[in-house]
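Quick one: structure below, then a few questions.
Note that the structure is a prediction, hence the values are computed from the model and not measured. The sequence lines fix the lettering, A, B, ..., with proteins before strands; numbering per chain opens at 1.
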Number of protein chains: 2
Amino acid sequence: MSTHSFTEENYLKLIYALANRGTNEVSTNALAEVTATRAASVTDMLKRLADKELIHYRKYQGVRLTDEGERLALKIIRRHRLWEVFLVDKLGFGWDQVHEMAEELEHIRSDELVERLDTFLDNPQFDPHGDPIPTPAGHMPDAPSQKLADLLPSETACLLGVLDHSAAFLQHLDRSGLTLGCTVNVSEISAFDRSMRVTIPPGQTLFVSYDVARNLLVGPPKP
Amino acid sequence: MSTHSFTEENYLKLIYALANRGTNEVSTNALAEVTATRAASVTDMLKRLADKELIHYRKYQGVRLTDEGERLALKIIRRHRLWEVFLVDKLGFGWDQVHEMAEELEHIRSDELVERLDTFLDNPQFDPHGDPIPTPAGHMPDAPSQKLADLLPSETACLLGVLDHSAAFLQHLDRSGLTLGCTVNVSEISAFDRSMRVTIPPGQTLFVSYDVARNLLVGPPKP
DNA sequence: TCTTTTTTTTAGGCTAATCTAAAAATTTAT
DNA sequence: ATAAATTTTTAGATTAGCCTAAAAAAAAGA
Ligand SMILES: [Mn+2]
Ligand SMILES: [Mn+2]
Ligand SMILES: [Mn+2]
Ligand SMILES: [Mn+2]
């Protein structure tokens with residue numbers, strides 16, 4: 001029965017993520033960067049993943065997931081995001097604290113565990129950071145793509161997710177009073193530094209820097 | 001920061017278990033048996049654990065946990081048993097299904113996770129098999145030691161735990177209608193094969209073989 | 001085009017955790 | 001007490017996953 005190491009599973013997840021942020025072919029150096037290893041180590045691993053037919057690999061040409069590789073990547077991502085929901089909703093962790101734990105929990109090998117967890121959590125569609133949870137069948141739902149920084153003055157939207165997942169950014173949002181699901185109305189945008197003045201319920205006014213606004217994903221306002 | 005591999009943690013747990021079922025010195029062969037590896041591999045690992053001062057090891061003389069080794073073993077056992085409670089009480093798994101998953105979950109590295117889990121589960125004192133859960137401070141509570149097979153006719157007791165943790169045994173109990181916490185009254189013991197006739201509420205009569213009775217732990221009946 | 005720079009791969013090594021086969025120590029039996 | 005049987009350790013390999021240094025290929029630039 002094909003079983004995979006933590007390392008292999010992490011590579012697949014990272015190849016998936018890199019392929020969906022930029023060109024579809026993922027480079028050896030890009031992987032060395034995100035795995036915090038050397039390019040030579042990545043080449044080693046790519047050969048092993050290619051042997052297992054989890055990736056398409058041609059020397060010097062970068063790498064692409066096979067159907068089986070993508071299926072596996074989405075399964076790991078599903079587990080990661082469901083465990084994050086558990087940690088935040090059930091155990092009361094902050095959304096800035098859960099990534100490392102989920103990084104380990106995602107490798108627990110039991111499909112039944114994941115499906116029971118999903119039921120226990122009431123089939124959540126998004127993780128605590130607003131990222132969509134892949135379906136058990138291996139389909140990744142669409143994520144919002146509009147950023148707060150894209151809005152014009154007087155427009156209203158709902159905060160749906162973050163692009164920057166760093167604890168520093170998440171804690172900054174906590175201190176600002178910005179939470180996912182909250183309705184924001186843009187009152188003014190500075191022509192100088194693109195910073196925004198926004199209002200959130202109940203009538204509070206906040207200043208949001210461009211650096212923050214371009215890392216916040218938004219969608220249509222709640223009715 | 002001292003971190004330990006899954007393998008090391010499993011060895012410590014197994015050394016603890018073996019030391020508390022028999023003589024205090026654990027033999028290389030006994031460990032080879034329970035780890036399903038060869039004696040030579042065990043010797044290798046014992047040297048590594050001794051280097052880290054987690055065990056006392058003298059060639060040919062067997063092995064004993066150091067204070068630090070025991071502290072760590074109890075920490076892993078605590079995690080294992082708390083995760084089992086989670087899987088049974090919250091996710092609805094059967095007590096015969098959870099061991100393998102807990103065997104992986106016990107290695108997730110986060111003290112805060114375990115303590116929050118403990119709180120979420122309402123500080124359980126026993127796991128689904130009736131085994132006591134070590135305290136956060138690293139103390140192993142006493143376990144019941146009397147067996148159902150030790151009782152005499154007309155005696156009444158409360159079922160508290162199992163000695164055999166195999167799925168086959170646990171499923172046999174499920175099919176018999178015997179559950180932990182249930183009150184059993186011994187009505188008759190066969191002089192021939194030591195099998196018992198017992199009654200459980202609400203007035204049901206069961207036949208219990210000696211093989212089952214000597215694997216069931218009991219305590220004083222509930223008032 | 002033809003260097004120069006950057007990226008990627010190869011070559012060779014290391015460690016943890018396993019193995020088999022053989023040697024050494026201990027225990028049991030005559 | 002000595003020989004035989006058992007247990008344990010040593011010796012020498014293997015595999016996954018990593019490393020550095022050097023070679024090779026591809027991309028960029030003059
Ligand atoms: Mn991971
Ligand atoms: Mn997330
Ligand atoms: Mn384990
Ligand atoms: Mn248990």
Next on the checklist: Counting only heavy atoms not in B:Glu155 (residues, nucleotides, ligands), do more than 12 fall under 6.0 Å from its CD?
Outcome noted: yes
Using the 3.5 Å cut-off, write out each protein N or O paired with an N or O of nucleotides 22-25 of chain D and the distance between them.
| unit_1 | atom_1 | unit_2 | atom_2 | d |
| --- | --- | --- | --- | --- |
| D:dA25 | O4' | A:Tyr60 | OH | 3.3 |

Checklist entry - Is the backbone of B:Glu53 close enough, under 3.5 Å, to the side chain of B:Thr66 for a donor and an acceptor to pair up by distance? => result yes
Item to check | Phosphate OP1/OP2 of C:dT9: any A:Thr28 side-chain N/O under 4.0 Å | outcome: yes
Checklist entry - Between D:dC18 atom P and A:Leu46 atom CG, what is the distance in whole Å? => result 12 Å
Checklist entry - When the distance from CG of A:Leu31 to C1' of C:dT9 is rounded to whole Å, what number comes out? => result 15 Å
Checklist entry - Could you walk me through whether B:His99 and B:His80 pass the ring-ring contact (aromatic ring centres under 6.0 Å, His included) check? => result CA-CA 8 Å; B:His99 182 77; B:His80 184 107; 4.8 Å; yes
Checklist entry - Under a 4.5 Å cut-off applied to non-hydrogen side-chain atoms, are B:Arg109 and A:Met101 in contact? => result no
Item to check | Minimal non-hydrogen separation, B:Val218 against B:Ala157, with atom names | outcome: CB-CB, 3.8 Å
Checklist entry - Per the end-axis method with five pairs at each terminus, what is the bend angle of the helix from C:dT1-D:dA30 to C:dT30-D:dA1, to 10°? => result 10°
Item to check | Test item: A:Arg194 side-chain N/O and A:Ala149 main-chain N/O as donor-acceptor pair under 3.5 Å | outcome: no
Checklist entry - Between the main-chain N or O of B:Leu178 and the side-chain N or O of B:Ser176, is there a donor-acceptor pair closer than 3.5 Å? => result no
Checklist entry - Whole-Å distance between C:dT18 P and B:Glu8 CD? => result 10 Å
Item to check | Presence of A:Asn29 side-chain N/O under 4.0 Å of C:dT6 phosphate oxygens OP1/OP2 | outcome: no
Next on the checklist: Please check: side-chain N/O of A:Glu9 versus main-chain N/O of A:Phe6, any donor-acceptor pairing under 3.5 Å?
Outcome noted: no
Checklist entry - Does D:dT20 have OP1 or OP2 sitting under 4.0 Å from an N or O in the side chain of A:Arg38? => result yes
Checklist entry - Taking B:Glu115 for the side chain and B:Glu112 for the main chain, is one N or O donor matched with an acceptor at less than 3.5 Å? => result no
Checklist entry - Roughly how far, to the nearest 0.5 Å, is the CG atom of A:Leu163 from the CG atom of A:Leu216? => result 8.0 Å
Checklist outcome for this item: B:Met45 atom CE is separated from C:dT18 atom C1', nearest whole Å, by 9 Å
Checklist entry - Hey, is the side chain of A:Ser5 poking within less than 4.0 Å of OP1 or OP2 on D:dG17, counting only N and O atoms? => result yes
Checklist entry - Is the backbone N or O of B:Tyr16 less than 3.5 Å from a side-chain atom of B:Asn20, with the two atoms forming a donor-acceptor pair by type? => result yes
Next on the checklist: What is the distance, to the nearest angstrom, from the CD atom on B:Glu33 to the P atom on D:dT6?
Outcome noted: 16 Å
Do any N or O atoms of the protein come closer than 3.5 Å to N or O atoms of nucleotides 10-14 of chain C, and which pairs are they?
| unit_1 | atom_1 | unit_2 | atom_2 | d |
| --- | --- | --- | --- | --- |
| C:dT10 | OP1 | A:Lys59 | NZ | 2.4 |
| C:dT10 | OP2 | A:Lys47 | NZ | 2.7 |

Checklist outcome for this item: By nearest-nucleotide position on DNA chain D, the 5'-leaning member of A:Gln61 and A:Arg48 is A:Arg48
Next on the checklist: Tell me whether the rings of A:Phe120 and B:Phe86 are parallel (<30°), tilted (30 to 60°) or perpendicular (>60°).
Outcome noted: perpendicular
Checklist entry - Over how many whole Å does the gap from A:Tyr11 atom OH to D:dA16 atom P extend? => result 14 Å
Next on the checklist: Below the 4.0 Å mark, does C:dC19 have OP1 or OP2 next to a side-chain nitrogen or oxygen of B:Ser41?
Outcome noted: yes
Item to check | d(CZ, B:Arg58; P, D:dT8) in whole Å | outcome: 14 Å
Item to check | Protein-nucleotide distance (A:His4, atom NE2; D:dG17, atom C1'), rounded to Å | outcome: 17 Å
